[in-house]
Amino acid sequence: KDSLITKYISYMSQNSESPIQYHFAAILSGISVCLGRKASFHLGSHILFPNAYILVIGESGITRKSSSARPILKILRSINENYLLSPNLSKESLIQNFNYCNTRYLFLDEIKMLFETASKNYAQGIISDITYIHECPPVIKSEFKKDYDKDGLKETSRAEWPFLSIYALTTNEWLSVTDSHIRGGF
């Protein structure tokens, strides 16, 4: 009854025009990042972590999707500003971002931004990489030749214990996920 989730939703529903479901999604995504790899559930040979991939769908402007996300973004910045991953990603920068902070939160004001980025040459394969990171592997490594020297893989081209949660927004009109995105596991 007096959980963090119920207190947050109660406060936000009294001080915001956004639907309660948006606040619920926002607090769940924020909690997932704060827990990171510190919490897990063993399911047979698999270890499940609380990383969340949440997509909020609603009318533009009317439902206040972005307004419901701002408090969580502010809270996460105050806890650790490095949690927030820039949506301006390239395949190359993804691993580097996890190198200095292995727990990351990707907020997309519009999910289509990610799909548009993925269609660019510099980001080819980024959806697959994000999907792979969702599995929380022990290590992620670069595939680029430039990230290797005579001694092997450079330290900055690998990251240990990555954890990623995604909180994205969209409208019905902009939701245009192609078959290739779905087949890619996203």
Side-chain angles (χ1 to χ4, degrees), residues 1-44 46-89 94 97-115 117 127 130-138 140 159-175 177 185-186:
K1 192 172 186 177
D2 279 343
S3 73
L4 172 65
I5 294 172
T6 56
K7 285 182 178 182
Y8 180 84
I9 290 173
S10 174
Y11 176 81
M12 292 308 298
S13 62
Q14 294 171 21
N15 295 287
S16 166
E17 297 176 8
S18 303
I20 193 170
Q21 295 87 346
Y22 294 1
H23 298 301
F24 182 69
I27 189 70
L28 283 183
S29 71
I31 289 171
S32 79
V33 173
C34 292
L35 289 173
R37 283 181 171 262
K38 293 174 269 199
S40 63
F41 177 76
H42 294 264
L43 184 62
H46 297 286
I47 301 174
L48 303 176
F49 295 96
N51 49 339
Y53 282 24
I54 297 174
L55 177 63
V56 173
I57 304 168
E59 294 300 315
S60 183
I62 299 169
T63 57
R64 309 275 191 235
K65 296 182 303 295
S66 296
S67 297
S68 69
R70 284 189 200 108
I72 288 299
L73 294 171
K74 185 176 180 180
I75 290 168
L76 291 175
R77 273 190 201 97
S78 71
I79 294 170
N80 183 345
E81 67 182 29
N82 291 322
Y83 279 160
L84 300 179
L85 186 61
S86 170
N88 300 320
L89 291 171
L94 188 61
N97 276 287
F98 280 94
N99 187 274
Y100 69 91
C101 181
N102 63 351
T103 299
R104 303 309 294 254
Y105 184 84
L106 178 60
F107 172 69
L108 298 160
D109 206 24
E110 174 51 65
I111 188 80
K112 193 167 184 174
M113 291 169 34
L114 179 61
F115 297 130
T117 298
I127 300 283
I130 288 172
T131 303
Y132 177 68
I133 293 169
H134 178 259
E135 296 292 323
C136 293
I140 53 175
E160 294 182 351
W161 312 115
F163 180 92
L164 175 65
S165 280
I166 298 176
Y167 187 62
L169 313 175
T170 195
T171 63
N172 282 327
E173 296 80 26
W174 282 95
L175 187 61
V177 180
F186 195 71

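What's counted below: heavy atoms across the whole structure, side chains too, no hydrogens, waters or symmetry copies.
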Got a donor-acceptor contact below 3.5 angstrom from the Asn102 side chain to the Phe98 backbone? no
Looking only at atom types and distance, does a side-chain atom of Lys65 sit under 3.5 Å from a main-chain N or O of Val56, one as donor and one as acceptor? no
Quick check for you: to the nearest 0.5 Å, what is the distance between Leu114 atom CG and Ile166 atom CD1? 6.5 Å
Interatomic distance, OG1@Thr117 vs NZ@Lys112, rounded to 0.5 Å, equals 12.0 Å
If you define the side chain from C-beta out and look only at heavy atoms, does anything of [X] sit under 4.5 Å from [Y]?
X: Ser66; Y: Tyr22; answer: no
X: Leu164; Y: Thr103; answer: no
X: Phe49; Y: Leu35; answer: no
X: Arg70; Y: Ser68; answer: no
X: Ile133; Y: Ile140; answer: yes
X: Tyr11; Y: Ser16; answer: no
X: Pro137; Y: Pro162; answer: yes
X: Leu169; Y: Ile111; answer: no

Assess whether side chain to side chain contact (heavy atoms under 4.5 Å, CB included) is satisfied between Ile57 and Asn172, documenting all intermediate values. CA-CA 6 Å; Ile57 304 168; Asn172 282 327; 3.2 Å; yes
Least distance between heavy atoms, [X] atom then [Y] atom:
X: Ala25; Y: Ile54; value: O-CD1, 3.4 Å
X: His42; Y: Ser40; value: NE2-OG, 4.1 Å
X: Glu59; Y: Thr171; value: C-CG2, 4.2 Å
X: Gly36; Y: Pro50; value: O-CD, 3.3 Å

Residues forming a side chain to side chain donor-acceptor pair (under 3.5 Å) with Ser10, sequence neighbours excluded: Gln14
Quiz item: cation-pi between Arg37 and Phe41, 6.0 Å / 45°: no
Pair Ser13-His23, side-chain donor/acceptor within less than 3.5 Å: no
Set of residues satisfying salt bridge (Lys or Arg N to Asp or Glu O under 4.0 Å) with respect to Glu135, sequence neighbours excluded: none
Can you list the steps and then say if Asn51 with His134 is a side chain to side chain contact (heavy atoms under 4.5 Å, CB included)? CA-CA 7 Å; Asn51 49 339; His134 178 259; 3.2 Å; yes
What verdict does the side chain to side chain contact (heavy atoms under 4.5 Å, CB included) test give for Tyr53 and Ile130, after you've listed the backbone C-alpha separation in whole Å, the side-chain angles of each residue and the deciding distance to 0.1 Å? CA-CA 11 Å; Tyr53 282 24; Ile130 288 172; 3.5 Å; yes
Under the criterion side-chain hydrogen bond (donor to acceptor under 3.5 Å, both in side chains), which of Ser32, Ser165, Ser29 is the partner of Tyr105? Ser29
Could you pull out every donor-acceptor pair under 3.5 Å between side chains of residues 74-89 and any protein atom, sequence neighbours left out?
from: Ser78; atom 1: OG; to: Ile75; atom 2: O; distance (Å): 2.7
from: Asn80; atom 1: OD1; to: Asn82; atom 2: N; distance (Å): 2.9
from: Ser86; atom 1: OG; to: Asn88; atom 2: N; distance (Å): 3.1

Does the side chain to side chain contact (heavy atoms under 4.5 Å, CB included) test come out yes or no for Tyr167 and Leu108, once each step is laid out? CA-CA 6 Å; Tyr167 187 62; Leu108 298 160; over 6 Å; no
